[in-house]
Amino acid sequence: MHEWSVAEAVIRTVVNWANENHVTQVKKVKVGIPSFSFLDVEILKEAFDTMKSDSPLGKAELEVVFKDPTFKCRNCGLTFSLKDVRDQLESLKGEFGEEYPLHLMPALAPSFLKCPKCGSHDIVAETQDITIDGIEVEESGTAQTVG
Amino acid sequence: MHEWSVAEAVIRTVVNWANENHVTQVKKVKVGIPSFSFLDVEILKEAFDTMKSDSPLGKAELEVVFKDPTFKCRNCGLTFSLKDVRDQLESLKGEFGEEYPLHLMPALAPSFLKCPKCGSHDIVAETQDITIDGIEVEESGTAQTVG
Amino acid sequence: MEPLRQLAKEKLRGKKAIAVMSAKGGVGKSLVSALLALSLRGAVLVDLDVHTMATTKLFGLEGKLHEVTKKGIEPFKLGELGVVSLGGIVKDKYVVLPGGNAGEVMESLVAYANLGDANYVVFDLPPGLGDEVLTLERLTDFFPVVVTTPSAVSVKVVEYVMRYLNERGKRPLLVVNMAYMDCGDGKVARPFGDLKNAEDLAKRYNAPVVELPIDPSLESYIGKIHEYDGVVKGKVKKELVPYLT
Amino acid sequence: MEPLRQLAKEKLRGKKAIAVMSAKGGVGKSLVSALLALSLRGAVLVDLDVHTMATTKLFGLEGKLHEVTKKGIEPFKLGELGVVSLGGIVKDKYVVLPGGNAGEVMESLVAYANLGDANYVVFDLPPGLGDEVLTLERLTDFFPVVVTTPSAVSVKVVEYVMRYLNERGKRPLLVVNMAYMDCGDGKVARPFGDLKNAEDLAKRYNAPVVELPIDPSLESYIGKIHEYDGVVKGKVKKELVPYLT
Ligand SMILES: Nc1ncnc2c1ncn2[C@@H]1O[C@H](COP(=O)(O)OP(=O)(O)O)[C@@H](O)[C@H]1O
Ligand SMILES: Nc1ncnc2c1ncn2[C@@H]1O[C@H](COP(=O)(O)OP(=O)(O)O)[C@@H](O)[C@H]1O
Ligand SMILES: [Mg+2]
Ligand SMILES: [Mg+2]
Ligand SMILES: [Mg+2]
Ligand SMILES: [Mg+2]
Ligand code: NI
Ligand code: NI
Ligand SMILES: [Zn+2]
Ligand SMILES: [Zn+2]
């Protein structure tokens with residue numbers, strides 16, 4: 001449900017950027033989201049489309065890219081990916097339901113996921129949270145990467 | 001003076017690596033050091049040469065590369081370099097003398113340096129501390145980058 | 001461009017942000033935060049001590065989960081007061097985080113919180129002088145309420161905070177908690193030493209001081225601190241609140 | 001390949017590492033660390049609470065700088081005890097660090113310390129359950145001494161640490177500090193509530209318990225804690241040390 005807040009965050013940020021850069025019409029916003037937060041893209045787009053009006057984003061399309069993080073264990077050095085902790089994620093979802101902690105806050109990952117080799121929580125992921133990975137503007141018609 | 005400890009850290013690390021990789025003779029070790037720690041290369045090399053004997057590093061040469069960090073202020077977003085905080089570094093050396101805190105621990109930088117634009121201590125540097133940037137071994141004669 | 005930070009900043013815009021802080025632990029930051037937030041009209045208390053989440057313990061909110069709506073994380077309601085804590089996200093799970101993640105989590109907590117039309121946002125900070133303070137500085141121009149006890153170690157440690165805030169151009173208020181204990185018959189005990197150290201500190205940094213007594217009855221209000229109406233609450237209302245409104 | 005981490009690990013090899021820890025602040029970690037290190041034969045006390053550096057205040061080492069020799073950072077000497085603190089590097093400057101840097105600083109402190117032929121290394125940890133604990137886990141297989149007070153909030157917060165350590169396969173010892181106060185005439189007061197919560201916690205995690213009293217005279221030994229030989233020190237020697245030797 002906090003997809004509405006995410007949409008608001010994206011819109012406010014891009015509107016700010018557009019105002020600062022004298023951009024009057026944004027065509028597309030590309031948003032990167034850690035895949036293990038399992039945001040609901042339908043809700044996110046609905047929220048985006050509902051809230052975007054009366055702004056330089058009035059006609060903008062939202063593109064969502066789910067990013068699969070690579071984790072690194074600082075305790076034993078193992079590099080691993082999401083599929084190596086799939087079972088841990090599943091049991092977490094089972095325990096908390098849809099609004100589970102990593103859905104809301106991907107940066108909590110080290111508290112809930114363990115290194116599959118040594119069991120340590122001392123894991124870092126390069127994809128921490130929601131990012132704006134690109135903005136396409138009407139004027140030029142070309143994608144402009146910001147962030 | 002803690003250059004001796006730095007040399008010991010480098011030697012122990014490379015000896016471990018050599019043993020694990022069945023390397024019997026190391027030709028060169030390339031060490032990266034944040035420039036603002038002002039380590040004394042002469043002392044570092046003397047320490048390295050004194051302690052390296054009876055090891056796969058017996059004939060190894062030490063190459064020191066001073067790395068100039070780029071700082072980023074997380075408060076105002078400014079990216080800046082060492083020369084922008086040169087005066088702050090100088091007054092710090094004046095206060096503490098040679099063994100000043102950033103000489104021993106470059107990761108203390110945010111406590112002692114301020115963003116030249118907004119004055120915040122909320123600064124991150126990508127070069128945190130001593131790294132081993134390359135090891136050249138006798139067998140192959142080619143540089144091998146590790147780290 | 002950091003969308004969550006942007007949202008967190010806008011959520012706080014136009015509200016008075018108060019940061020209850022101290023480099024020292026166990027001096028009463030969480031207790032003072034709670035009593036202060038309860039004493040202000042229209043406040044949300046945001047618990048930023050993600051490792052202890054003391055707020056959930058003080059208010060008896062353990063095991064409860066925040067509702068999440070289109071407006072974000074809905075604060076727990078205790079009369080007029082709203083409370084937001086990571087405890088409402090992770091339930092009774094421990095939170096262990098490597099460097100940097102704690103700041104991210106704090107930022108999300110503020111960004112997603114539905115602060116509604118609250119006038120005041122009271123932040124209960126963890127001890128130390130780390131990412132939490134820096135993160136909060138990125139989000140808002142907060143008013144610092146620095147908490148110490150009279151004990152020598154605490155005052156020395158808290159001086160770091162005073163000096164830091166001073167250099168950042170802020171004028172903190174100093175709360176000397178557990179300053180004295182009323183023993184009846186007009187007698188007063190000072191189990192943590194006299195107040196000279198703390199008062200000198202305040203003078204050096206030109207900070208107003210509020211002294212709060214020890215109230216042994218407080219322990220029996222853990223879990224229902226909103227029902228407490230004793231001497232510490234009285235002092236908070238009468239002496240601390242006027243500086244903040 | 002991280003040379004400083006490697007060196008830190010090797011410095012600790014063959015020594016018994018004891019981590020005095022608690023998610024809660026102000027429960028007496030630094031005091032217990034100091035008295036414990038003073039009671040062990042051949043110990044170095046390493047202060048890992050980089051934001052408060054309480055050790056320098058307890059031992060009267062403020063403003064003193066560590067000597068640095070070919071063997072590294074030379075511990076301050078107090079009789080047989082060696083003490084290493086960031087305070088000996090930064091003097092009386094506040095330490096403010098964004099996420100991650102604190103772990104780096106801790107690693108350097110251990111890597112550069114001249115631990116000599118000490119048998120024991122006692123680590124005084126900051127509150128929380130953050131980078132400090134993770135960093136120490138990377139360096140050595142420490143023995144955890146977990147400190148709490150009897151108060152309900154403290155015990156609840158400390159349960160996180162117990163659970164975490166348990167899941168990591170460690171068997172901590174629980175110290176209940178400020179457990180009671182001797183009022184003379186065989187009378188005992190319990191200003192932080194009875195011990196039931198803390199003792200139940202220990203039972204749940206199968207941990208031995210040591211209870212330490214409140215000693216109001218301790219405040220007058222701040223700055224010369226090595227001269228203190230009162231009731232808390234006696235208990236540490238007689239009841240805590242045997243578990244660690
Ligand atoms: N004025 C007071 N009188 C009695 N007990 C207090 C007082 N202030 C704090 N306490 C108790 O002291 C302990 C530490 O307080 P807490 O608010 O958790 O500190 P911090 O947040 O600084 O770590 C708690 O058990 C709290 O109930
Ligand atoms: N058993 C005790 N009796 C009396 N005072 C104590 C006792 N234990 C701790 N203290 C005091 O309580 C305060 C907090 O102790 P400290 O060791 O700094 O806690 P922490 O390291 O957990 O933050 C200090 O002023 C200390 O001197
Ligand atoms: Mg607290
Ligand atoms: Mg962010
Ligand atoms: Mg301490
Ligand atoms: Mg490192
Ligand atoms: Ni949601
Ligand atoms: Ni040196
Ligand atoms: Zn691992
Ligand atoms: Zn700046």
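Below, all heavy atoms of this structure are taken into account, side chains as well, without hydrogens, waters or symmetry copies. Each chain gets a letter, A, B and so on, in the order the sequences are listed, and its residues count up from 1.
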Side chain to side chain, A:Pro110 and C:Val96, heavy atoms closer than 4.5 Å: no

In terms of heavy-atom pairs under 4.5 Å with chain C, which of A:Val10, A:Leu104, A:Thr131 leads? A:Leu104

Audit row: A:Asp129, C:Leu4, side chain to side chain contact (heavy atoms under 4.5 Å, CB included) steps and yes/no: CA-CA 9 Å; A:Asp129 214 327; C:Leu4 290 186; 3.3 Å; yes

Considering non-hydrogen atoms only, spot the tightest contact between A:Thr13 and C:Pro3 and give its length. OG1-CA, 3.2 Å

By a 4.5 Å heavy-atom criterion (distance strictly below it), what part of C:Leu86 contacts chain A: side chain, backbone, both, or neither? side chain

What do you reckon, is NZ of A:Lys30 surrounded by more than 12 foreign heavy atoms closer than 6.0 Å? no

Might you point out which heavy atoms bring C:Pro98 and A:Ile123 nearest each other, and give the distance in Å? CG-O, 3.7 Å

Would you mind reporting whether C:Leu97 and A:Ser111 have side-chain heavy atoms less than 4.5 Å apart? yes

For residues 36-71 of chain C, give me every residue with a non-hydrogen atom less than 4.5 Å from any non-hydrogen atom of chain A. C:Leu65, C:Val68, C:Thr69, C:Lys70, C:Lys71

Heavy-atom distance under 4.5 Å to chain C: side chain of A:Tyr100, backbone, both or neither? neither

Looking only at heavy atoms and a cut-off of under 4.5 Å, which of A:Ile43, A:Asn16, A:Ile130 has the most pairs with chain C? A:Asn16

Selection residues 99-128 of chain C - residue pairs positive for ring pair (Phe, Tyr, Trp, His ring centres under 6.0 Å), sequence neighbours left out: A:His2-C:Tyr112

Partners meeting salt bridge (Lys or Arg N to Asp or Glu O under 4.0 Å) with A:Glu3 (sequence neighbours left out): none

Around A:Asn19, counting heavy atoms of other residues, nucleotides and ligands shown, do more than 12 lie under 6.0 Å from its CG? yes

Do A:His121 and C:Tyr94 pass the side chain to side chain contact (heavy atoms under 4.5 Å, CB included) test, and can you show the C-alpha distance, the side-chain angles, and the key distance before you say yes or no? CA-CA 11 Å; A:His121 285 287; C:Tyr94 58 75; 2.9 Å; yes

Give, for atom CH2 of A:Trp17 and atom CD of C:Gln6, the distance between the pair rounded to the nearest 0.5 Å. 13.5 Å

Highest number of heavy-atom pairs under 4.5 Å with chain A: which of C:Val90, C:Asn114, C:Val95? C:Val90

Would you say A:Asp87 has more than 12 foreign heavy atoms packed within less than 6.0 Å of its CG? yes

Tell me the salt bridge (Lys or Arg N to Asp or Glu O under 4.0 Å) pairs involving residues 6-26 of chain C, sequence neighbours left out? A:Arg12-C:Glu10

From CD (A:Glu99) to CD1 (C:Ile73), nearest 0.5 Å: 9.0 Å

